[in-house]
Amino acid sequence: MLEVRNLTKEYPTPAGQLRVLSEISFSLSAGESASIVGPSGSGKSTLLYILGALEPPTAGIVLLGGKNPYELDEKSLAAFRNQEIGFVFQDHHLLPQCTVLENVLIPTLLAPDADNRQERRALDLLEQVGLSPRIHHRPHQLSGGEKQRVALARALVGEPQLVLCDEPTGNLDRESTEAVAALLLELHRRQQNILVVVTHNLDLAARFSTKYKLVDTRLYVI
């Protein structure tokens, strides 16, 4: 379960503290998903980074599976993030020198039990996203939609509890957006993880059972 309690985020500025998020609280269980919409600059990505243990809150608590990642030391936090959280960003962030299969396997390199099972899982995920014929291709040989499907497989290869997506279809054309959105939701259904997607695409946001809007530093159910 993901639990967020009274989450607040402020940044210091010459004019004083700038509040970006105010007393945000919600929870999601395994198998549940949510979309977050809101105007540019409203703090959506900041919220996602806090949920992903990338940036600490000013106040409040984030618990994933009953653990507060911000109570961990740096090494344990990195391991927690690698094992429990998957990320998909607007830009796919694939390594250009690596093949499709190698890119998907990157999160497993730090896993203590890395073995052939990880490669079999990567190959299975690539089959599910329709890229089995492309496993030896490099990113420059792929379309935008194909790159994002690789990024999705990479986020899921470690079977994380929580999958976070920041504008996952923002750079795609309409056809690719539909394909990636359908895959994202289908793989979520199969894995029964917790899925949180930040997006400006209202059609994509509407496909989630729980929908939030972030405005004026606060999160509202819509």
Side-chain angles (χ1 to χ4, degrees), residues 2 30 33 45 48-55 64-65 67 69-70 72-172 176-177 179-188 190-199:
L2 173 66
S33 63
S45 292
L48 213 64
Y49 297 157
I50 294 173
L51 300 182
L54 291 170
E55 185 170 343
L64 180 59
K67 291 183 179 181
Y70 296 107
L72 302 174
D73 60 53
E74 186 174 343
K75 183 177 180 180
S76 299
L77 175 59
F80 180 87
R81 190 187 300 121
N82 176 259
Q83 295 165 18
E84 305 297 344
I85 304 171
F87 295 93
V88 181
F89 297 102
Q90 181 172 347
D91 188 357
H92 46 80
H93 295 301
L94 302 182
L95 296 182
Q97 70 273 27
C98 294
T99 66
V100 164
L101 178 59
E102 290 167 343
N103 267 287
V104 173
L105 284 169
I106 285 171
T108 73
L109 299 179
L110 299 178
D113 59 346
D115 55 26
N116 289 337
R117 287 177 298 176
Q118 303 282 14
E119 182 170 339
R120 290 197 298 271
R121 174 160 178 75
L123 290 169
D124 180 60
L125 279 167
L126 287 168
E127 182 177 0
Q128 291 181 54
V129 301
L131 290 176
S132 289
R134 305 260 182 165
I135 62 172
H136 299 300
H137 286 58
R138 285 182 167 75
H140 74 275
Q141 298 172 298
L142 305 177
S143 69
E146 288 172 333
K147 291 174 184 176
Q148 201 64 320
R149 283 187 271 160
V150 176
L152 179 55
R154 181 183 57 191
L156 297 174
V157 70
E159 298 183 279
Q161 291 189 63
L162 175 63
V163 177
L164 302 173
C165 303
D166 192 1
E167 298 287 359
T169 62
N171 287 335
L172 304 180
S176 295
T177 291
V180 169
L183 275 171
L184 179 65
L185 290 165
E186 174 59 21
L187 292 172
H188 162 68
R190 294 179 190 176
Q191 291 200 2
Q192 290 296 293
N193 48 38
I194 302 165
L195 175 63
V196 180
V197 175
V198 161
T199 183

Name the atoms and distances for all side-chain donor-acceptor pairs under 3.5 Å in residues 137-145, with sequence neighbours left out.
{"residue": "Arg138", "atom": "NE", "partner": "Gln97", "partner atom": "O", "Å": "3.1"}
{"residue": "Gln141", "atom": "OE1", "partner": "Arg138", "partner atom": "N", "Å": "2.8"}
{"residue": "Ser143", "atom": "OG", "partner": "Glu146", "partner atom": "N", "Å": "3.2"}
{"residue": "Ser143", "atom": "OG", "partner": "Glu146", "partner atom": "OE1", "Å": "3.4"}

Listing, residues 154-163 side-chain donor-acceptor contacts under 3.5 Å, not counting sequence neighbours, or none:
{"residue": "Arg154", "atom": "NH1", "partner": "His93", "partner atom": "O", "Å": "3.0"}
{"residue": "Arg154", "atom": "NH2", "partner": "His92", "partner atom": "O", "Å": "2.6"}
{"residue": "Gln161", "atom": "NE2", "partner": "Glu84", "partner atom": "OE1", "Å": "2.9"}

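Applying the side chain to side chain contact (heavy atoms under 4.5 Å, CB included) criterion to Leu48, with sequence neighbours excluded, gives Leu164, Asp166, Val196, Val198. Applying the salt bridge (charged side-chain N to carboxylate O under 4.0 Å, His left out) rule to Glu167 yields no partners; only residues at least two apart in sequence or on another chain are considered. Applying the side-chain hydrogen bond (donor to acceptor under 3.5 Å, both in side chains) criterion to Asp124, with sequence neighbours excluded, gives Gln128. Residues passing the side chain to side chain contact (heavy atoms under 4.5 Å, CB included) test with Ser176 are Leu172, Asp173, sequence neighbours excluded. Under the salt bridge (charged side-chain N to carboxylate O under 4.0 Å, His left out) criterion, Glu127 pairs with no residue, sequence neighbours left out. Applying the side-chain hydrogen bond (donor to acceptor under 3.5 Å, both in side chains) criterion to Ser76, with sequence neighbours excluded, gives Asp73. The side chain to side chain contact (heavy atoms under 4.5 Å, CB included) test applied to Leu183 returns Val129, Arg149, Leu152, not counting sequence neighbours. Applying the side chain to side chain contact (heavy atoms under 4.5 Å, CB included) rule to Ala179 yields no partners; only residues at least two apart in sequence or on another chain are considered. Taking the side-chain hydrogen bond (donor to acceptor under 3.5 Å, both in side chains) definition, one finds that Glu186 meets it with Arg189, Arg190, sequence neighbours left out.
Annotation: side chain of Val197 is not in contact with side chain of Ser33 (no heavy-atom distance under 4.5 Å). Side-chain contact check for Arg81 versus Leu72: every heavy-atom pair is 4.5 Å or farther apart.
Expressed to the nearest 0.5 Å, how far OG1 of Thr108 lies from CZ of Arg117 amounts to 11.5 Å. The distance from the CG atom of Asn82 to the CD1 atom of Ile106 is 11.5 Å, given to the nearest 0.5 Å. Note that the CD1 atom of Ile85 and the CD1 atom of Ile194 stand 10.0 Å from one another [nearest 0.5 Å]. Atom CD1 of residue Ile135 and atom CD of residue Glu102 lie 10.0 Å apart, to the nearest 0.5 angstrom.
The shortest heavy-atom contact between Leu101 and Ala122 is CD1-CB, 3.8 Å.
Partner of Gln148 under the side chain to side chain contact (heavy atoms under 4.5 Å, CB included) criterion, out of Asp91, Leu94, Val180: Val180 alone.
Under a 3.5 Å cut-off, the side chain of Tyr70 and the backbone N or O of Leu77 do not form any donor-acceptor pair.
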